[in-house]
*Asks:* 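For reference, the structure I am asking about is given below.
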Amino acid sequence: MKAGILTAVTGVLLGFSLSRIGFSSWDEVHAMFTFDSLRMIFAFLFAAVFLAIAWPLIARVTGATWSPRLIHKGTIFGGVLFGIGWALSGSCPSIALVQLGEGQLGAGVTLLGIFGGNYLYSVVHERYFRWQARTCADE
Amino acid sequence: MTYWPWWLSGLALSGVMLFHWFSLQRMMAVSGRFTGLVDRFRFGKQEPVEEMSPEDLMAALQAATMAEFGSPGVPGEDSTSAGDTPDEPVHLAAAPLASSARPLSHHLLFLGGLVLGGFVSLLLLGGAPVTATLRGAGFAAATGENPVLSYAFLGLGGALVGFGTRMAGGCTSGHGLCGTSRLQPGSLVATVSFFGAGIATSLLLGALL
């Protein structure tokens with residue numbers, strides 16, 4: 001119950017922030033990828049550096065450890081496909097939902113695509129690939 | 001629409017990642033939630049056993065062994081100096097075992113929260129008319145305001161996002177922010193790959209317009 005509420009609150013906080021940062025705007029994402037605007041690139045780098053400082057402190061205080069994220073055969077090719085898709089749709093996985101909330105209803109098509117693509121990969125992986133596909137969900 | 005400046009945006013992103021970790025004891029990983037939903041749809045309530053990674057399996061075995069026999073073999077646990085404690089601590093917690101058992105409702109609550117967050121954000125700004133595609137002059141220019149082309153961008157792009165994030169094992173949150181900030185090799189390579197491909201695609205798209 002408590003975990004469910006915290007999960008929903010985290011979703012709202014992320015959705016609100018992504019909307020205000022501009023990640024839910026196709027134009028802003030395009031401007032980021034074409035370097036017409038460096039604002040979101042700096043935001044991303046700033047967050048990465050901030051967290052890079054925060055995690056070791058948290059680990060020291062709480063004793064927490066995290067699973068490693070290793071390179072496997074799908075890392076590069078999967079990343080490239082994701083990048084192409086992000087540039088075309090203007091959406092990484094959370095963004096389609098934020099866009100829906102903002103009344104950008106075309107994101108419903110994006111969302112169907114994300115579910116379909118995820119499903120398709122899980123089938124393809126089982127049939128043709130043998131490597132271990134770690135997902136974030138394992139973390 | 002004016003967006004947050006870079007520093008506030010960066011603070012907000014890190015704040016949400018930290019809030020997620022402190023409240024749920026897990027790294028934020030949005031594509032993992034899609035994977036959780038898809039697997040639930042495919043396999044029903046039972047998670048497939050082979051989904052457990054070698055690292056998690058080792059951790060689970062280790063935790064089980066220690067629960068059974070205590071922890072004599074773990075350096076730093078005995079009375080020797082604290083200097084023996086390894087830099088990369090052994091995966092003590094059995095948490096990864098429980099990790100695959102997140103209820104379906106939590107995934108839906110998270111994704112629903114994202115929708116609500118976007119809705120509230122726009123509402124507080126005074127709202128905007130609902131659009132059947134996406135807002136923005138750039139998107140309109142890229143698709144020529146052709147509905148078929150617009151939905152082709154969104155559907156094909158979305159499918160590549162779903163396929164690619166599952167293949168790479170993460171997306172902007174899990175790899176891009178939480179993984180790179182821990183200097184994880186898989187995350188660094190994945191992030192360079194998807195940012196690189198996004199840049200190449202957008203530059204190409206810009207040149208074609």
*Asks:* For A:F77, is the CZ atom crowded, meaning more than 12 foreign heavy atoms sit under 6.0 Å from it?
*Replies:*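 12 or below, so no.
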*Asks:* Check each atom of B:A200 against the heavy atoms of chain A and say whether the ones under 4.5 Å are side chain, backbone, both or neither.
*Replies:*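 Contact with chain A: none, neither part.
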*Asks:* Using a 4.5 angstrom heavy-atom cutoff, name the option from B:V192, B:L109, B:T201, B:V161 with the most pairs to chain A.
*Replies:*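 If we count pairs closer than 4.5 Å to chain A, B:V161 comes out on top.
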*Asks:* Over 60° means perpendicular and under 30° means parallel, so classify the ring planes of A:F46 and B:W6, tilted if in between.
*Replies:*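 Rings of B:W6 and A:F46: perpendicular, as their planes differ by over 60°.
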*Asks:* Find the one option among A:L18, A:I5, A:V29, A:V80 whose heavy-atom pairs under 4.5 Å with chain B are most numerous.
*Replies:*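 Counting heavy-atom pairs under 4.5 Å, the top option is A:V80.
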*Asks:* So what's closer than 4.5 Å to chain B heavy atoms on A:I53: side chain, backbone, both or neither?
*Replies:*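 The answer is neither part of A:I53.
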*Asks:* Which bit of B:L188 comes within less than 4.5 Å of chain A, counting heavy atoms only: side chain, backbone, both or neither?
*Replies:*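 The answer is neither part of B:L188.
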*Asks:* Give the member of A:G79, A:A107, A:G116, A:G90 that has the highest number of heavy-atom pairs under 4.5 Å with chain B.
*Replies:*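 Top option by heavy-atom pairs under 4.5 Å: A:G79.
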*Asks:* Considering only heavy atoms and a distance below 4.5 Å, find which of B:L111, B:T180, B:L116, B:L123 pairs most often with chain A.
*Replies:*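 Among the listed options, the one with the most contacts to chain A is B:L111.
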*Asks:* Against chain A, label B:L37 side chain, backbone, both or neither, depending on which of its atoms sit under 4.5 Å from a heavy atom there.
*Replies:*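 For B:L37, the contact with chain A is made by the side chain alone.
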*Asks:* Is chain B contacted by the side chain of A:W55, its backbone, both, or neither, given a heavy-atom distance below 4.5 Å?
*Replies:*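 Side chain of A:W55 only, per the 4.5 Å heavy-atom cut-off to chain B.
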*Asks:* Any side-chain donor paired with an acceptor under 3.5 Å for A:S25 and A:D27?
*Replies:*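 No, no side-chain donor-acceptor contact under 3.5 Å.
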*Asks:* B:L125 versus chain A, heavy atoms under 4.5 Å apart: side chain, backbone, both or neither?
*Replies:*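 For B:L125, heavy atoms of backbone and side chain both lie under 4.5 Å from chain A.
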*Asks:* Using a cut-off of under 4.5 Å for heavy-atom pairs, which of B:L108, B:T2, B:L124, B:T143 has the most such pairs with chain A?
*Replies:*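 Most heavy-atom pairs within the cutoff with chain A belong to B:L124.
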*Asks:* Between B:S121 and A:S19, does a side chain to side chain donor-acceptor pair (under 3.5 Å) hold up when you go through it step by step?
*Replies:* CA-CA 6 Å; B:S121 160; A:S19 170; 2.5 Å; yes
*Asks:* Which answer fits A:A54, side chain, backbone, both or neither, if we ask what part of it has an atom under 4.5 Å from a heavy atom of chain B?
*Replies:*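 When you check distances to chain B, only side chain atoms of A:A54 fall under 4.5 Å.
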*Asks:* At a heavy-atom distance under 4.5 Å, which candidate from B:A137, B:A197, B:A128, B:G198 has the highest pair count against chain A?
*Replies:*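 Max contact count across the listed options: B:G198.
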*Asks:* At a heavy-atom separation under 4.5 Å, does B:L177 approach chain A through its side chain, its backbone, both, or neither?
*Replies:*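 Contact with chain A: backbone and side chain both.
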*Asks:* What part of B:F19 gets closer than 4.5 Å to chain A, counting heavy atoms only: side chain, backbone, both or neither?
*Replies:*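 Only the side chain of B:F19 comes within 4.5 Å of chain A.
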*Asks:* Examine whether an atom of B:A132 lies under 4.5 Å from a heavy atom of chain A, and if so say whether it belongs to the side chain, the backbone or both; otherwise answer neither.
*Replies:*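 Contact with chain A is through the backbone of B:A132 alone.
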*Asks:* Name the region of A:S91, side chain, backbone, both or neither, that has any atom closer than 4.5 Å to a heavy atom of chain B.
*Replies:*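 Only the backbone of A:S91 comes within 4.5 Å of chain B.
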*Asks:* Look at atom CZ of B:F195 and say whether more than 12 heavy atoms of other residues, nucleotides or ligands are closer to it than 6.0 Å.
*Replies:*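 Yes.
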*Asks:* Tell me, for A:V123 versus chain B, whether the close heavy atoms (under 4.5 Å) come from the side chain, the backbone, both or neither.
*Replies:*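 The answer is both parts of A:V123.
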*Asks:* We want to know whether B:T165 and A:N118 form a side-chain donor-acceptor pair, criterion being a heavy-atom distance below 3.5 angstrom.
*Replies:*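 Per modelled atom types, B:T165 and A:N118 side chains form no pair under 3.5 Å.
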*Asks:* Would you call B:L205 and A:F33 a side-chain contact if the rule is heavy atoms closer than 4.5 Å?
*Replies:*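 No - every pair of side-chain heavy atoms lies 4.5 Å or more apart.
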*Asks:* Going by the angle between their ring planes, with limits at 30° and 60°, are B:W21 and A:W66 parallel, tilted or perpendicular?
*Replies:*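 Ring orientation of B:W21 relative to A:W66: perpendicular.
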*Asks:* Does A:F82 reach the side chain of A:C92, with side-chain heavy atoms less than 4.5 Å apart?
*Replies:*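 They are in side-chain contact.
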*Asks:* Counting only heavy atoms closer than 4.5 Å, note whether A:L120 contacts chain B via side chain, backbone, both or neither.
*Replies:*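 Backbone plus side chain of A:L120, per the 4.5 Å heavy-atom cut-off to chain B.
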*Asks:* Give the member of B:G164, B:P185, B:S181 that has the highest number of heavy-atom pairs under 4.5 Å with chain A.
*Replies:*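 Result: the option with the highest number of such pairs is B:S181.
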*Asks:* Report which part of A:I95 has an atom under 4.5 Å of a heavy atom belonging to chain B: side chain, backbone, both, or neither.
*Replies:*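 For A:I95, neither part sits under 4.5 Å from chain B.
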*Asks:* Counting heavy-atom pairs under 4.5 Å to chain A, which of B:W4, B:F41, B:F119 comes out on top?
*Replies:*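 Among B:W4, B:F41, B:F119, the one with the most close pairs to chain A is B:W4.
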*Asks:* How far does CG of B:L13 sit from CG of A:L14, to the nearest 0.5 angstrom?
*Replies:*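 One gets 7.5 Å once the value is rounded to the nearest 0.5 Å.
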*Asks:* Do you know which two heavy atoms are closest between A:A3 and B:L24, and how far apart they sit?
*Replies:*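 It is O-CD2, 3.7 Å.
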*Asks:* Sort out for me which of A:H30, A:Q99, A:K73, A:M40 touches chain B most, counting heavy-atom pairs under 4.5 Å.
*Replies:*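 Max contact count across the listed options: A:H30.
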*Asks:* Hey, can you tell me if A:F115 and B:F34 have their rings parallel, tilted or perpendicular (30° and 60° cut-offs)?
*Replies:*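 Rings of A:F115 and B:F34: tilted, 30 to 60°.
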